Amino acid sequence: MFDLFDPLLLARIQFAFTVSAHIVFPAFSIGLASYLAVLEALWLITKDDAYIKVFDYWKVIFAVAFGMGVVSGIVMSYQFGTNWSVFSDKTGPVLGPLMGYEVLSAFFLEAGFLGIMLFGFNKVGPRLHFFATAVVAVGTLFSAFWILSVNSWMHTPAGYGINEAGQFIAEDWFKVVFNPSFPYRLVHMVLAAYLTTAFVVGGVGAWHLIRDAKDRGARIMFSMAMWMALIVAPLQVVVGDFHGLNTLEHQPAKIAAMEGHYETRQGAPLILFGVPDDEAEETKYAVEVPKLGSLILTHEWDGEVKGLKAWPKEDRPPAEIVFWTFRIMVGIGIAMMALGLWSGFQRMRGKLYDTPLMLWAAVALAPSGFVAVVAGWITTEVGRQPWTVYGLLRTVDSVSPIGAAAVGASLAAFVVVYFFVFGAGVFYILRLMSKSPDAGTATEIGPSRAAGLTPMQAIKRALPGVDGGKD
């Protein structure tokens, strides 16, 4: 059945499917780990048990999300050997050590201190426990550092040479790690992770405030989330502008596809909406704002913006995809910023918790960060096409010599297994979120609520419908 399909297309679909399923978990765990560290720090400073109660609530959710991220990441990495062996051979001397550094400096930190964070409060003391929580948070950021360095090098390769076997080799590791697009993409991704987490936390807090306006834990969650939205969402717009200018310098064809420009223009308009047609080489039904495109991209009213026709057809990314995914990402970002500003206004009026329409808006936007992250990732990766290493190694030359039937069968298996395994994980997380933070998850952390519990008792009490007090 799968023999009718192109094995390259199937390999790309498989990688796109697995990376899309994977990236939502690191994006959530990066932000949530930092949030947990802040909550525990506030508890240490204020001695207010409400903070440790909220910490306890999100700690269990973090553990589940972290586990699903690890599993999905391992599955994704196997494809480099099965479906992309030529790419692995060519780039291995550069990318292999960077991936190794991620394991050694990031994953070991996270995994090594995660057990202490989950089960160690009554064993090591509050300050040492906070240290473990902070190390887990730092580990997630280190992980983002190395993974974004790897991916950014594929977009803007630097510090490399090519040996006699045609492999990329590192000639300057500093330039490899800190390649031209890396700083912008790292900051952009970390802020995206913080916003993703903030809107999940804010949405859950809003849901429980709708049900009980006096819920102290929900108030803490919603207030902290809205502070993050108010401050970070506008900051992300500024970071996105710098990132866009960097992309314009190093990957102008991607910008042309994102903006829907086929013709090179002085004083290019900003195309708000339209229907890109790569075959006809035009964006149909375009709704434009004159010269605004040049102003945003070049910071000049009459700046030149290259169109896709400036490159041969075989070197162009598909505008029909990235045009829309980019707008999805930007549209969600605008909605996030609007909610942040709205919450700031209502906070000044003393009605942060008493505006039902705003609370429902927060609930509606709770999953928006995940959608924006996936849309942004598609924009980045599809916009890099037709290259795996930009300008140096084509996607068609990176794939393994493997039949369509083998790739198609594994793709079908991934879809089925992911649907059940990760569907069950997401259902469990949603079930945990449905419980009020004031009700308490009664896990092992929190001396006033669960002192002396064993790890097994803690796990049992965290599971819905299980009586952890009767072992």
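All of these numbers come straight from a predicted model, not from anything done at the bench. Below, each value reflects all heavy atoms present in this structure, side chains not excepted, and no hydrogens, waters or symmetry copies.
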Pairing residues for Asp277 by the salt bridge (charged side-chain N to carboxylate O under 4.0 Å, His left out) criterion, not counting sequence neighbours: Lys284
Given Val305, Thr247, Leu292, the one that forms side chain to side chain contact (heavy atoms under 4.5 Å, CB included) with Leu297: Val305
Selection residues 162-197 - residue pairs positive for ring-ring contact (aromatic ring centres under 6.0 Å, His included), sequence neighbours left out: Phe145-Phe178, Phe145-Phe182, Trp153-Phe168, Tyr160-Phe168, Phe174-Phe178, Phe178-Phe182, His188-His243
By side chain to side chain contact (heavy atoms under 4.5 Å, CB included) - contacts of Ala424 (at least two apart): none
Matching residue for Met221 among Leu39, Val200, Val204 - test: side chain to side chain contact (heavy atoms under 4.5 Å, CB included): Val204
Any pair counted as side-chain hydrogen bond (donor to acceptor under 3.5 Å, both in side chains), so long as it reaches residues 407-421, sequence neighbours left out: Gln14-Ser410
Residues that Asp315 engages under salt bridge (charged side-chain N to carboxylate O under 4.0 Å, His left out), provided they are two or more places apart: Arg394
Pair Ser294, Glu300: side-chain N/O donor-acceptor within cut-off below 3.5 Å: no
Non-neighbouring partners of Glu320 that pass salt bridge (charged side-chain N to carboxylate O under 4.0 Å, His left out), sequence neighbours left out: none
Intermediate values then yes/no, ring-ring contact (aromatic ring centres under 6.0 Å, His included), Tyr390 and His155: CA-CA 5 Å; Tyr390 196 77; His155 286 265; 7.5 Å; no
Where at least one partner belongs to residues 254-273, residue pairs that pass ring-ring contact (aromatic ring centres under 6.0 Å, His included), sequence neighbours excluded: none
With Gln266 via side-chain hydrogen bond (donor to acceptor under 3.5 Å, both in side chains) - residues at least two apart: Glu304
Set of side-chain hydrogen bond (donor to acceptor under 3.5 Å, both in side chains) partners for Lys291, sequence neighbours left out: Asp302
Any side-chain donor near an acceptor of the partner, Thr379 and Thr325, under 3.5 Å: yes
Residues that Ser368 engages under side-chain hydrogen bond (donor to acceptor under 3.5 Å, both in side chains), provided they are two or more places apart: none
With sequence neighbours excluded, residues passing side-chain hydrogen bond (donor to acceptor under 3.5 Å, both in side chains) with Glu281: Arg316
Salt bridge (charged side-chain N to carboxylate O under 4.0 Å, His left out) partners for Arg12, two or more places apart: none
